[in-house]
Each structure stands twice: as structure tokens, then as C-alpha cells.
Trainee: 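Take this structure first; my questions come after.
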Amino acid sequence: MIDLKYLEKNFDEASAKLAKKGVDLTILDELKVQFAMLKEAKQSFEDKRAMQKSLSKEFGAYKAQGKDITELKYKLDKLKEAATLLEQKANSIEDELAKKALVIPNFPYDVVPNGESEDDNIEIKKILTPQEFNFTPKEHWELAEINSWIDFTRGVKLAKSRFALLQNRAAKLERALINFFLDKNTKAGFNEVSPPILNNSKMLQGTGQLPKFEDDLFKIEGEDLYLIPTAEVPLTNIFNDEILQDSELPVLLTAATPCFRKEAGSAGRDTRGIIRQHQFDKVEMVAIVKPEQSDEIFEMMVKNASDILTELGLPHRLVELCGGDLGFSAARTIDLEVWLPGQNQYREISSVSIMSDFQARRAKIRYKDGKKNLLTHTLNGSALAVGRTIVAIMENYQQEDGTIETPEALKPYLNR
RNA sequence: GGACAGUUGGGUGAGUUGGCUGAAACCACACCCCUGCUAAGGGUGCGUACUCGAAAGGGUACCGAGGGUUCGAAUCCCUCACUGUCCGCCA
């Protein structure tokens with residue numbers, strides 16, 4: 001959630017920032033007005049309630065002394081009625097305000113370039129040069145067919161469209177990659193955990209998926225539980241409603257989990273292959289940090305993800321997302337895009353973001369700074385998306401006959 | 001899933017014949033004093049959030065969540081969630 005006090009005090013500046021993200025600014029005016037109304041309503045309720053409470057104390061004394069209480073009771077009844085009314089008014093303003101505030105996206109950082117869509121993103125640098133093939137490289141689904149790595153038909157039979165069945169060496173490769181990624185992240189200082197992959201609505205709200213993006217989530221019927229769309233949700237919310245000691249920070253966590261997304265709104269996109277599935281494995285990095293630590297940790301996370309790709313021999317590039325392409329909770333994001341020779345283009349394989357204090361405010365993640373409790377910053381990034389890494393290996397390591405070689409770095413993980 | 005018990009501040013844990021309790025005590029933590037050497041003693045402070053105030057200091061809400069009774073509820077009633085134990089089931 002954005003800082004409403006900041007919005008109140010620096011309205012124009014806040015508006016300019018959100019405009020960069022393409023927010024309809026009329027909602028901000030409403031927010032500002034309602035925020036002022038809420039303060040006033042709360043104040044008048046609290047004044048009445050204070051009066052009621054202090055008189056109520058006398059009530060006990062009166063009774064003990066055997067004094068007549070009918071007049072006092074009459075006054076108290078009136079006060080109670082008035083206070084309750086004022087309370088309801090304040091509550092309804094607060095509810096409305098919360099409803100609106102929860103769907104306002106995070107403020108982007110100043111370094112974020114202007115732009116409306118992914119076409120306006122800015123390439124920062126390329127790492128490794130794509131190799132020249134002396135044949136026409138195939139797309140990964142053709143290779144999957146030739147090597148019998150992926151059974152798309154039966155995946156759909158078992159579940160529905162956008163589900164696939166990895167088999168043979170692809171299944172082994174998936175497991176090897178998860179281990180490889182976790183080992184790399186551990187070496188980079190991240191602590192491995194294995195969280196629940198069903199989380200409740202409070203957690204989904206904490207990281208920003210709810211209430212606005214409910215349609216993207218798979219929900220368990222009859223339960224307040226959702227399949228997580230990313231391990232960012234459980235990892236970040238480990239500290240939901242907690243106050244950390246400042247000596248504990250930064251907290252660096254990594255986990256390999258399946259992720260589940262409905263992909264609502266991406267009908268027709270990437271329907272072939274396993275680029276966009278309802279279920280996919282991903283190894284995630286999450287950091288809970290003091291605000292002054294977040295830039296440094298961010299660079300470290302980007303480098304870690306990039307180094308892993310380099311070690312796998314996969315050409316990739318770093319892309320700074322523009323305001324319009326930035327996610328709801330993100331203040332700044334760098335995407336890592338891997339080269340896919342079959343598709344002849346770079347495709348996202350990791351996304352590393354600073355959420356500033358946006359998630360921390362929603363999830364109430366704080367730390368002790370002397371006597372004060374301050375909001376932490378949260379960051380997350382993939383290192384890496386497993387399915388897309390398999391795609392990248394298939395396309396980059398393909399031979400003319402359609403067979404696929406194994407990257408050197410993975411051999412220790414596959415030959416056992 | 002069934003039966004019983006419980007859910008209080010960072011931790012342990014009082015308080016459940018309604019008002020003197022936002023909350024004893026102890027531990028932990030912070031600062032100070034004494035002392036000096038890898039101990040101990042003494043003092044003070046210490047829940048969270050919002051809000052008024054320059055500050056000192058006030059106000060309101062929160063004792064698992066939500067609702068109810070009452071002038072007044074951590075304390076009484078209802079619903080739900082969770083934890084523990086026993087039974088059942090099971091990887």
C-alpha cells in the first residue's frame with residue numbers, strides 16, 4: 001500500500017509518480033478527500049467516546065454510594081448512542097478508503113524510464129553472444145516432440161490446456177535445475193526454505209496479489225486458501241505482522257516451489273510449448289531489508305540471476321522496465337531475458353524487483369530502529385524460472401539432428 | 001472427522017464473582033550507576049496502531065477473529081479460526 005500521509009502532504013509529486021505507472025488520477029483526489037474526512041470523523045468519534053468513558057467511571061462510584069443514577073444513565077445512554085453513530089460513520093469511511101487504497105499501485109522510483117508498454121523498456125546490457133547455427137534452429141516444442149521430452153496432449157488430458165507433462169530427460173533436467181539453482185542461491189547467501197504452497201487471503205493481500213488480481217489466482221473451493229502464483233508470497237509473508245530486530249536484517253531467502261497462474265488475459269499468447277503454463281516450477285529469491293540496504297541487495301540479486309545464466313552458457317540481456325510495464329507492487333524492476341534461437345528473440349526468464357515499503361506496509365513487516373518501528377523494504381526475483389530455463393537449454397543446445405546437449409554446469413547434477 | 005482443554009505484551013505467565021488492568025510478576029532488551037575483568041548488584045525505561053500537541057503529556061482502538069449483552073467486558077453469551085491432548089484416519 002502507498003503511504004497515504006505522503007500522498008496527503010506531497011500530492012502533486014505523488015500524482016506525477018503514479019501517472020508514470022498509468023494510474024487514473026481521479027482516484028487520488030477521492031483518496032485525499034476521504035483521508036481528510038476519515039481523520040475528522042475519527043476525531044469526533046474519539047471525543048464522544050472519551051466523554052462516555054469518563055462519565056461511565058462515575059457511574060460505578062455513584063452506585064457504590066447509593067446515589068440516584070437515573071439522570072446519569074439517561075446522559076450515558078445518549079452519549080453511547082451518539083458515539084456509536086459516529087463510530088459507524090468513521091468505520092464506513094475507513095472501509096471505503098481501504099478498498100480504494102489497496103488497488104493503488106506502488107510509486108515507481110525516479111530511475112524508472114517513462115513508457116507505456118514493454119516496447120519502451122530499456123536494454124541495459126547483453127551478456128554472452130548468441131551463437132550462429134549453420135542450420136535453422138527449431139523451436140522448443142519441435143525439439144520436445146523429437147526427443148519425447150514433453151507430452152502436451154496427456155498434460156491437457158490430466159488437467160486442462162496450458163498443462164504439460166515433462167518426461168524422460170526433461171523431467172531429470174527439471175530436477176537438476178532446481179538443485180543447481182538452489183545451490184547457487186545458497187552460495188550467494190540465501191537461506192533455503194520449503195514453504196506451504198497454499199496461502200490464505202491475508203498473505204496474498206500482503207504481497208499485493210489481492211484484492212486486485214483475484215482472477216489470476218487458483219482458489220481452493222470452500223477454503224480461504226489460494227495456490228501461490230510465486231514463492232514471493234510465502235517467503236515475504238513469513239514475517240507478516242512481525243517486528244524484526246535490526247541485527248537480523250537483511251534476511252535472504254530462497255525456495256523452489258511450483259507456481260500456479262490462471263493467465264487470465266493472456267488468451268492466445270504463447271499457447272504452444274511451455275513458455276506460459278498454469279503450473280510451473282520457479283526458484284525464487286526474497287530479501288527483507290532495511291531501506292538503506294535495498295539498492296545494494298537489488299544489484300546483488302540481479303547479478304546472481306545473471307551469473308547463473310552465464311554459467312549455463314545462456315546468452316541473455318538485462319532490461320530496465322518502464323513505468324507502464326512495471327508490476328503493481330514494484331518500485332523498480334530489471335528483467336533478465338534469455339536468448340531463444342528458435343524464436344529468434346529474447347524472452348523473460350527472471351524478474352528482479354524492489355517493492356520498497358509497499359508490501360511491508362500491507363503485510364506490516366517492521367524492524368526496530370532504536371526505539372522506533374520502521375517498515376522494511378522487500379525485494380524478490382527469480383533465480384530462475386525452471387520451465388523457461390529448460391526451453392532456453394533446448395533451443396540453445398540443440399544440434400542439427402534435434403538432439404540436445406547438456407550444459408557443462410549441469411553435468412554433475414544429471415549424471416547421478 | 002469426534003471428545004475435552006486452551007488462545008493475554010518479544011518470551012514465560014497472573015488476571016475469568018464485569019468498573020481500581022492495556023494488563024501483575026519474572027525473563028529478555030535498552031540506557032544509567034556501582035564495580036572492574038571475561039561474574040554479580042542497584043536504578044530507570046520498555047506492547048502495537050492511529051491521533052492531538054513544539055514538547056511535556058493527552059485521546060481512541062486492540063487481551064485469537066467477528067458479533068451480542070451492559071452505563072461499563074480480557075472477564076458474561078454466540079459464531080468462526082487456530083493450538084494442545086486422546087480417539088479415528090493417513091503419506
Side-chain angles (χ1 to χ4, degrees), chain A residues 1-9 31-102 194-206 210 219-226 234 237-249 251 258 288 357-376:
Chain A
M1 195 153 81
I2 59 165
D3 184 352
L4 289 176
K5 274 184 237 168
Y6 171 77
L7 179 72
E8 181 189 38
K9 286 182 188 144
L31 263 184
K32 190 185 174 188
V33 171
Q34 264 179 333
F35 191 56
M37 277 168 64
L38 175 64
K39 273 191 171 179
E40 206 184 298
K42 260 195 165 166
Q43 198 55 54
S44 49
F45 155 66
E46 285 175 7
D47 289 348
K48 266 285 188 284
R49 180 68 91 208
M51 232 189 284
Q52 187 201 342
K53 282 180 79 165
S54 69
L55 253 192
S56 201
K57 284 217 167 112
E58 286 178 32
F59 192 95
Y62 268 52
K63 252 191 144 174
Q65 294 164 26
K67 290 190 186 168
D68 180 33
I69 54 167
T70 44
E71 194 184 335
L72 188 56
K73 173 132 171 38
Y74 176 76
K75 270 162 94 174
L76 275 166
D77 282 337
K78 284 287 175 204
L79 271 175
K80 182 191 181 184
E81 197 182 328
T84 306
L85 224 61
L86 287 169
E87 185 180 26
Q88 284 168 352
K89 189 180 161 198
N91 284 345
S92 75
I93 294 174
E94 193 162 27
D95 289 348
E96 257 181 73
L97 186 70
K99 227 183 251 177
K100 287 203 181 104
L102 281 172
S194 177
I197 59 174
L198 298 181
N199 280 194
N200 61 46
S201 55
K202 186 180 172 190
M203 302 304 125
L204 272 307
Q205 183 172 308
L210 289 178
K219 187 178 193 313
I220 304 294
E221 194 180 336
E223 301 266 2
D224 179 32
L225 288 172
Y226 296 81
N237 281 297
I238 286 174
F239 303 103
N240 189 299
D241 201 17
E242 293 196 20
I243 301 170
L244 293 150
Q245 294 301 320
D246 88 303
S247 57
E248 295 177 78
L249 300 174
V251 175
I288 316 284
D357 60 10
F358 187 80
Q359 293 181 325
R361 185 172 291 105
R362 291 175 157 241
K364 298 193 178 73
I365 306 172
R366 292 148 293 169
Y367 72 101
K368 280 248 177 264
D369 180 65
K371 279 201 154 185
K372 280 187 173 168
N373 296 320
L374 302 177
L375 294 171
T376 65

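Letters go in sequence order (proteins before strands), and every chain restarts at 1. Values below: all heavy atoms of this structure, side chains included; hydrogens, waters and symmetry mates excluded. It should be emphasised that the depicted structure is a prediction, and the values quoted were computed from it without experimental measurement.
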Trainee: Nearest whole Å is fine: how far is B/C29 C1' from A/Q245 CD?
Mentor: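 A/Q245 atom CD is separated from B/C29 atom C1' by 8 Å.
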Trainee: Any heavy-atom pair between the side chains of A/E94 and A/K89 that's under 4.5 Å?
Mentor: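 They are not in side-chain contact.
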Trainee: Give me the distance, rounded to whole Å, that separates B/A23 from B/G42 when you measure between the P atoms they each carry.
Mentor: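 It works out to 25 Å between them.
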Trainee: How many Å lie between CD on A/E242 and P on B/G9, as a whole number?
Mentor: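 The answer, rounded to whole Å, is 13 Å.
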Trainee: Under 4.0 Å, heavy atoms only, any strand: does A/Q52 hit a base, just the sugar-phosphate, or nothing?
Mentor: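 The answer is sugar-phosphate, as A/Q52 gets under 4.0 Å only of primed atoms, P, OP1 or OP2.
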Trainee: For A/K73 and for A/G60, locate the closest nucleotide of RNA chain B by heavy-atom distance; then report the residue assigned to the nucleotide nearer the 5' terminus.
Mentor: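 Going by which nucleotide is closer to the 5' end, it is A/G60.
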Trainee: Are A/K202 and A/D224 ion-paired here, with the side-chain N under 4.0 Å from a carboxylate O?
Mentor: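 No, A/K202 and A/D224 are not salt-bridged.
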Trainee: Can you measure A/L72 atom CG to B/G19 atom P for me and round it to whole angstrom units?
Mentor: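 Taking atom P of B/G19 as the reference, CG of A/L72 is at 18 Å.
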Trainee: Could you tell me whether the side chain of A/T376 reaches within less than 4.5 Å of the side chain of A/D357, counting heavy atoms only?
Mentor: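 Answer no - side chains too far apart.
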Trainee: Could you tell me how far B/A30 sits from B/A39 if I compare only their P atoms? Round to whole Å.
Mentor: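 It works out to 15 Å between them.
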Trainee: Could you please name the partner base of B/G1, counting Watson-Crick and G-U wobble pairs only when both distances are under 3.5 Å?
Mentor: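 B/C87 is the nucleotide pairing with B/G1.
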Trainee: Look for any protein N or O under 3.5 Å of an N or O in nucleotides 48-52 of chain B and output each such pair with its distance, or none.
Mentor:
{"residue": "B/U48", "atom": "OP1", "partner": "A/K368", "partner atom": "NZ", "Å": "2.9"}
{"residue": "B/U48", "atom": "OP1", "partner": "A/N373", "partner atom": "ND2", "Å": "2.8"}
{"residue": "B/U48", "atom": "O3'", "partner": "A/R366", "partner atom": "NH1", "Å": "3.0"}
{"residue": "B/A49", "atom": "OP1", "partner": "A/R366", "partner atom": "NH1", "Å": "3.4"}
{"residue": "B/U51", "atom": "OP2", "partner": "A/K5", "partner atom": "NZ", "Å": "3.3"}
{"residue": "B/U51", "atom": "O2'", "partner": "A/Q43", "partner atom": "OE1", "Å": "2.7"}

Trainee: Whole-Å distance between B/C71 C1' and A/K78 NZ?
Mentor: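 In whole Å, B/C71 C1' and A/K78 NZ are 14 Å from each other.
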Trainee: Quick one: A/K57 NZ to B/C20 C1', roughly how many Å, whole number?
Mentor: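 So the two atoms are 9 Å apart, to the nearest Å.
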Trainee: Give me the distance, rounded to whole Å, that separates B/G10 from B/U16 when you measure between the P atoms they each carry.
Mentor: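 Straight-line distance between the two P atoms is 23 Å.
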Trainee: When rounded to the nearest Å, what value does the distance between C1' atoms of B/G9 and B/U21 take?
Mentor: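 Here B/G9 and B/U21 have their C1' atoms 13 Å from each other.
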Trainee: Separation of A/L79 atom CG from B/U70 atom C1', in whole Å?
Mentor: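 It is 15 Å, rounded to the nearest whole Å.
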Trainee: Find the partner of B/G72: check Watson-Crick (N1-N3 plus N6-O4 or O6-N4) and G-U wobble (N1-O2, O6-N3) distances, both under 3.5 Å, and reply none if neither fits.
Mentor: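 Base-paired to nothing in any strand shown.
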Trainee: Applying ring-ring contact (aromatic ring centres under 6.0 Å, His included), name anything that partners A/Y226, two or more places apart in sequence or on another chain.
Mentor: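 ring-ring contact (aromatic ring centres under 6.0 Å, His included) check on A/Y226 returns nothing, list empty.
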Trainee: Mind checking the P distance from B/U12 to B/A28? Whole angstroms is fine.
Mentor: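 That atom pair is separated by 15 Å.
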Trainee: Quick one: is B/A73 close enough that its OP1 or OP2 comes under 4.0 Å of any side-chain N or O from A/K53?
Mentor: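 So the side chain of A/K53 is outside the cut-off, no N or O lying under 4.0 Å from OP1 or OP2 of B/A73.
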Trainee: Figure out the CD/P separation between A/E71 and B/C71, and round it to whole Å.
Mentor: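 These atoms are roughly 17 Å apart.
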Trainee: Which one is paired to B/G64, where only Watson-Crick or G-U wobble pairs with both distances under 3.5 angstrom count?
Mentor: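 In the structure as shown, B/G64 has B/C80 as its Watson-Crick or wobble partner.
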Trainee: Counting only side-chain N and O atoms of A/K80, is one of them less than 4.0 Å from OP1 or OP2 of B/G72?
Mentor: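 For B/G72, OP1/OP2 do have a side-chain N/O of A/K80 under 4.0 Å.
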Trainee: Provide the Watson-Crick or G-U wobble partner of B/G10, both distances under 3.5 Å; none if there is no partner.
Mentor: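 Matched B/G10 with B/C27 under the 3.5 Å cut-off.
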Trainee: Using atom C1' in both nucleotides, what's the gap between B/C62 and B/A74 to the nearest angstrom?
Mentor: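 Here B/C62 and B/A74 have their C1' atoms 11 Å from each other.
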Trainee: Does OP1 or OP2 of B/G59 have a side-chain N or O of A/R49 closer than 4.0 Å?
Mentor: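 No, A/R49 has no side-chain N/O under 4.0 Å of OP1/OP2 on B/G59.
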Trainee: Pairing donors with acceptors under 3.5 angstrom, does anything connect the side chains of A/R49 and A/Q52?
Mentor: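 Per modelled atom types, A/R49 and A/Q52 side chains form a pair under 3.5 Å.
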Trainee: Using both distances under 3.5 Å as the test, list the Watson-Crick or G-U wobble partner of B/U21, or none.
Mentor: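 Matched B/U21 with nothing under the 3.5 Å cut-off.
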Trainee: Hydrogens and angles aside, do A/N373 and A/K368 bring a side-chain donor and acceptor to less than 3.5 Å of each other?
Mentor: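 Yes, A/K368 and A/N373 have a side-chain donor paired with an acceptor closer than 3.5 Å.
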Trainee: Is there a side-chain contact between A/L249 and A/I288, using heavy atoms and a 4.5 Å cut-off?
Mentor: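 The answer is yes; the side chains approach within 4.5 Å.
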Trainee: Do the side chains of A/K73 and A/D77 get close enough for a salt bridge, i.e. N-O under 4.0 angstrom?
Mentor: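 A/D77 and A/K73: salt-bridged.
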Trainee: Rounded to the Å, how far apart are A/F59 CZ and B/C20 C1'?
Mentor: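 About 17 Å, once rounded to whole Å.
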Trainee: For residues A/Y367 and A/L374, determine if any side-chain heavy atom of one lies less than 4.5 Å from a side-chain heavy atom of the other.
Mentor: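 Answer yes - side chains close enough.
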Trainee: Work out how far the P atom of B/G13 is from that of B/G84, and round it to whole angstrom.
Mentor: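 It works out to 15 Å between them.
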Trainee: Please measure how far the C1' atom in B/G18 lies from the corresponding atom in B/C71, and state the result in whole Å.
Mentor: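 So the two C1' atoms sit 12 Å from each other.
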